[in-house]
Amino acid sequence: MSERPYTHWLMKTEPDTFSIDDLKQRKREPWDGVRNYQARNFMRDGMRVGDKVFFYHSNCAEPGIAGIAAVASEAYPDPSQFDPKSKYFDPASTREKPRWWLVEVKYVRKLKRVITLEELKQQPALVDLPLVRKGNRLSVLPVSADDWDFILALE
DNA sequence: GCCAACGTTGGC
DNA sequence: GCCAACGTTGGC
């Protein structure tokens, strides 16, 4: 069995734009619009089909983990970077050498309740969880297997 | 390569 | 709406 640093992830989304209920309805969705290199690298280089993902609601009344998704495709170039009409259009990117990549994610389930950011911050066991570390604005983050289990036990 | 200016994220 | 904490851009 090959070793990878991470097999569990957390992906942020603003529920006003795309919520866990939207994913439940759509079942599967390309995670387009990521325009940060570190977040891109996690998707392109770190993720494999079947990896579990915490679906996190940000920039809303109750920020926190709202559900579980799974990586459903290998990484491929984000089509929106080539579309001049898209707000994610990147004129500096080319099809020969795409700058931005995405994976598709599929719905797994909603949590019984939202596990809030506030609650996660209060857990001494989660001090090293990247999500609760100061100033971390990345929209795609790794979660250790231990932290994953610990967080789910809070549900 | 430095770094000031600017833009974005996202909690509060 | 405020603003801290970033990341990016571009002049030099």
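Order of the sequence lines fixes the chain letters, A, B, ..., with proteins taken first and strands second; residue numbering starts at 1 for each chain.
- Along DNA chain C, the nucleotide nearest to Arg99(A) and the one nearest to Asn136(A) differ in position, and the one closer to the 5' end is contacted by Asn136(A).
- There is a side-chain donor-acceptor pair under 3.5 Å between Ser93(A) and Gln81(A).
- Close approach of DNA chain C to chain A, defined as any atom under 4.0 Å from a non-hydrogen atom of the protein, starts and stops at dA5(C) to dT8(C).
- In this structure, CG in Asn59(A) is found 10.0 Å from NZ in Lys12(A), a value given to the nearest 0.5 Å.
- Salt bridge annotation for Asp51(A)-Arg4(A): present, with a cationic side-chain nitrogen under 4.0 angstrom from a carboxylate oxygen.
- Taking a cutoff of 4.0 Å between a charged side-chain nitrogen and a carboxylate oxygen, Glu74(A) and Arg44(A) do not qualify as a salt bridge.
- Take the nearest nucleotide of DNA chain C for Gly135(A) and for Asn59(A): the residue whose nucleotide is more 5' is Asn59(A).
- For the pair Glu118(A) and Lys121(A), the salt-bridge criterion is not met [side-chain N within less than 4.0 Å of a carboxylate O].
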